[in-house]
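Worksheet for the structure shown next.
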Amino acid sequence: MQLITTKITDGHAELTSTQILDTSFPTNIHLDLSRAGTIPDPHLGFNERTVQWVHDKIWRYSAPLLVAAPPRSRVCLVFEGLDTFATVFLDGVKILESDNMFLSHRVDVTDIIHDKRSIRRPTDPMVLTIDFESALKKGDEIMAKNGGERPTWNGHLSRVFVRKAQYHYGWDWGPSLITCGPWKPIFLQIYTGRIASVKAIQTLSPDLKQATISLEATIETHLTSAEQGVYFLSALILSPSGKETRISLSPQGTGSDPGTYRSTTELSNPELWHPRLHGAQNLYTITFILTTSSVSSSSESHIPHTTTTAPSPVLDTVTKRLGIRRVRLVQDALPSLPTDELSGGTSFYFEVNNIPIFCGGSNWIPADSFLPRVTREKLYTLLATLLGSRGNQSMVRVWGGGVYESEDFYDICDNAGILVWQDVCLACGDYPAHLDSFVASISEEVTQNLARLRWHPSLVIVAGNNEDYQVADEELGYEQDQPESEWRASKFPGRWLYEKVFPEIVRDVCNGGYGEGIGDSGEIGGGSAGVVYWPGSPWGGEDSTDRTVGDIHQWNIWGGVQAPYQRYPDLGGRFVSEFGMISYPCVQTIKEGYLDPTVSFEESVERGDWNPESEIAEHHMKAHSFEKRCIAYLTENFRVNDGSMEERVYLSQLLQSEAMGYAYRGWRKRWGSYECGGVLVWQLNDVWPVTSWAIIDFYLRPKPAFYIISRALAPITLILTRSTNNPKPNSKVEALVRSKTTKGAGKLILHSTPHIYPPKTSTIQVCVSSTSPTKSGLLKAEIRFVCINTGRSQLVWQGEADVYGNGLVTLLDNTPVLEDDPTVVQALLWDSSTGVLVARETDWPQPFKYYTFPDRGLEVVVVWTDETKEDAGIRVSAKKPVKGLVFEEMDGVTWGDNCIDVVPGDEQVITVKGLKGREVKWRYYGMETCRN
């Protein structure tokens, strides 16, 4: 018989002894309680506080199962994910206990089904019941039995003992909503034989002209060959261009249970998968077909296989997509200078199909507190549209405090050409790897999830954890040179997982057993066609803050010594996998998500909630010392006038956008020498309405920083660097800038001279940067000095240049800028052959609070494209320089650009789609209120 799979969707949630709610699987208890009206939406207002009782109870789910299983068939229940401490019963018989939400389970219930057959009418359903215990209480019990508290950043202390999404326990950007339930699909399968697992290991020649695809599959059979017939396993490979290749897989076992089948095929000039903007995202489709030679039946669909036997019934098919590509993590030695501690070390960048890729991108946290309601549409909007085509980003890092993302997530990245960095789901803690039960569970978790994800060409690197080495550095003081034999018994037992267990799993599961583990994608013998493994993020060098080796998380701006954001370019590393600046979300998001939903906006204003210092606003910001840090950064850089919510939103978003511009442009400038191979902002998205580091808020409204980053990551962009003498140096910041590690900064002796006032002097450098693999055409450039107070413009440089692929060319260097007359530097870049503007950039004197911006002469004209007023072009011009012109985000409206600077003589036209006749509102720095 052909395998029959039924998805179990109709179920019940037992909310009380008398209240049973019809629900649909997958789900979780908070969603069901909210749907029933038992609890309010946990995201809104103060509701997070009022629903904390939910995580203390035991919750029961059930579903009717009508099973019509033919005699001699096998019946299994498949649970793709149960969150978290679950006990499962079928008609009162316990069939499963699970304590890891990341594990899938297959449970053979054949005997139960057949035993019940004699006492049950065929139309009577069986009952599947799942009891979920409190993850918080169970975690506390496990912690108490195993030595008590361990160093843990963010969330409840017992979370490190529980294999559950760590962000559920609360984070510095998210609520504590420790939910439970069948969060992934449940299936019923009936079969006599099935394909249990499939695997494709590819090797690719260094010249990319020859690929070898080694297919491997295991089958599970319920009947002997005498009962079922001889089993055959074949595969149909369909190339992106439509060419079919049919092969037979040979059984590796003997007798009635052949088990594993293998075959290898060669592909000449394979159609490669490329990252976005570097080629096509070609994907092969591979369909595995399991048949038998028992009875020929034309009524059953099948795909013929290449054997001498007659066509036979198809028992099962499995279809996968495969992208052929070569991936290398390049860690070459860099030149070392005896006078420069930050020179030397090694590069850290990715090479895909022999092309170096600058990985400008974002960190990803789950798209919702409640994962079952995350739709493919929302993922597509965040990834393919915002991060990819509109955001110019090429990599997304799936953070370790979340989940191993869904097939939808990875399919979207495959199709869009977005590279994925996937952390193992461990974050900011000292995990109990000395416990055998913990190691067994997480080892199976990593194996299962990588077996699923290894098919996706977008997956290029797996890291063992998020910031656990930082916890060890700062809280445990672990010794790097400790012998491997002592790791597991040390005060940092997780190291044994990160440097021993996980690299072996990645090598065996993803790389076909090829390679040497850390930093390798199966290069030796595998042609670098697998997945890179890295022990953690950050990791490398002397410690987790080493800026010359591996990746770093740069939190000395916003956190740490709270250096000025203008120093981002001086605080980079070989690969910056985390950094960020916090901001409020859009005004409309605050109205919809922060305020008490039971009262009107007018009432909220009247009782004082519409204020950035209100308790309800503070509830929706989880970051430590938020007010202290945010106000400090705002007042260091801007003039604060009325302290209103609208002003706070605008200034915080302008602060974030300016900081991101300094970081992305400054670090990208180092790409040409491979001193910086990637920049990933913390963070792309939010799990609820919150003041956070996200550049897109929970309701998918981009913040101004989104547009700044998009321009900074264009294939060809301008980078302006103003160097100014500092009459008030901060010795801690200067020490940090000069040192390759944070610890090393404390050893430098520096002297601040805040009472010496030399004349302020500045120079400007203007460069053109390319992340394209090919040489640009001839580019025409103009550089102007523009007076802030008068708008007077002076042409400083004009000429033509071209830039090599992944190169940097300097147009202007060390040129003095007037300081007695505050001056904006603007650079424009055109394609010489077409006249099309390629890039525009401005540089302003800092800090902005020293300058005023009255009477800008700004003109904003809406030019509709047709009579329907669906789309428009916004024509913008000014008589004096305008800083940070931001158009208000509206639902259904897509801005071609936003958060722009406007300079006299340079009229800009911003495309806007979906406006539908609505008013356009805007604000720029120095305005008191929003205008339309």
Side-chain angles (χ1 to χ4, degrees), residues 7-8 25-29 59 61 76-90 94-109 128-135 138-139 142 158-169 178-189 194 196-199 218 220 366 371-372 398 400-407 409-410 422-427 431-433 435-455 459 462 464-465 494 497 501-502 504-506 508-510:
K7 187 177 182 181
I8 300 170
F25 297 161
T27 187
N28 69 33
I29 193 59
W59 298 99
Y61 282 89
C76 286
L77 283 166
V78 180
F79 304 89
E80 291 200 347
L82 299 173
D83 180 12
T84 291
F85 291 94
T87 306
V88 186
F89 303 88
L90 183 59
K94 184 165 69 174
I95 60 172
L96 174 66
E97 287 185 298
S98 177
D99 60 3
N100 185 328
M101 75 173 282
F102 302 117
L103 287 180
S104 63
H105 302 276
R106 169 176 292 274
V107 183
D108 189 337
V109 295
L128 176 69
T129 306
I130 313 173
D131 290 340
F132 291 93
E133 295 186 74
S134 165
K138 290 290 290 184
I142 297 169
S158 64
R159 69 171 176 82
V160 296
F161 291 87
V162 181
R163 293 314 302 139
K164 176 176 175 62
Q166 302 287 270
Y167 82 103
H168 284 171
Y169 293 84
I178 307 175
T179 193
C180 66
W183 76 289
K184 281 190 170 185
I186 302 173
F187 297 97
L188 177 73
Q189 291 190 336
R194 74 178 185 98
S197 67
V198 293
K199 185 176 184 179
T218 59
E220 176 197 334
L371 293 163
V398 182
V403 298
Y404 306 92
E405 274 297 344
S406 65
E407 290 301 294
F409 178 99
Y410 273 90
Q422 172 76 60
D423 285 353
V424 175
C425 289
L426 300 163
Y431 286 86
L435 301 178
D436 290 343
S437 58
F438 184 89
V439 170
S441 182
I442 197 168
S443 296
E444 178 61 19
E445 165 193 319
V446 174
T447 299
Q448 279 193 16
N449 282 280
L450 291 185
R452 171 174 66 89
L453 299 179
R454 66 189 173 198
W455 285 91
L459 177 64
V462 172
N465 66 84
L497 290 174
V501 176
F502 293 167
E504 293 178 356
I505 293 174
V506 172
D508 294 340
V509 174
C510 300

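Along the sequence shown, residues carry numbers from 1.
Put simply, the side chain of Phe102 reaches to within 4.5 Å of the side chain of Cys425, judged on heavy atoms. Put simply, the side chain of Gln189 reaches to within 4.5 Å of the side chain of Val78, judged on heavy atoms. Counting only heavy atoms from C-beta outward, the side chains of Leu77 and Leu128 approach each other to under 4.5 Å. You'll find the side chain of Leu459 reaches within 4.5 Å of the side chain of Tyr410, heavy atoms only.
Rounding to the nearest 0.5 Å gives a distance of 4.0 Å between CD1 of Ile442 and CZ of Phe502. Atom OG of Ser158 is separated from atom CD1 of Ile142 by 8.5 Å, given to the nearest 0.5 angstrom. Considering CG of Leu82 and CD of Glu97, their distance stands at 12.0 Å, rounded to 0.5 Å. A distance of 11.5 Å separates CD1 in Ile130 from CG in Asp83, rounded to the nearest 0.5 Å. A distance of 15.5 Å separates CH2 in Trp183 from CZ in Phe79, rounded to the nearest 0.5 Å.
Side chains of Arg159 and Tyr431: a donor-acceptor N/O pair is present below 3.5 angstrom, by distance only. There is no side-chain donor-acceptor pair under 3.5 Å between Asp131 and Thr87. For the residue pair His105 and Ser98, a side-chain donor N or O sits within less than 3.5 Å of a side-chain acceptor on the partner.
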With side-chain hydrogen bond (donor to acceptor under 3.5 Å, both in side chains) as the test, would you mind laying out the steps for Tyr404 and Gln448 before giving the verdict?
CA-CA 10 Å; Tyr404 306 92; Gln448 279 193 16; over 6 Å; no
Could you check Phe187 against Glu80 for side-chain contact (heavy atoms from CB on, under 4.5 Å), going step by step and ending with a plain yes or no?
CA-CA 8 Å; Phe187 297 97; Glu80 291 200 347; 3.4 Å; yes
Derivation and outcome, side-chain contact (heavy atoms from CB on, under 4.5 Å), residues Tyr169 and Val162
CA-CA 11 Å; Tyr169 293 84; Val162 181; 3.5 Å; yes
Test side-chain contact (heavy atoms from CB on, under 4.5 Å) on Glu220 and Arg106 and set out the steps.
CA-CA 12 Å; Glu220 176 197 334; Arg106 169 176 292 274; 4.3 Å; yes
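Between Arg163 and the choices Glu444, Met101, Glu445, the side chain to side chain contact (heavy atoms under 4.5 Å, CB included) rule is met once, by Glu445.
Scanning both residues, Tyr61 and Gly181, for their nearest heavy atoms gives CE1-CA, 4.1 Å.
When ring centroids are compared, Phe132 and Phe85 stay outside the 6.0 Å threshold.
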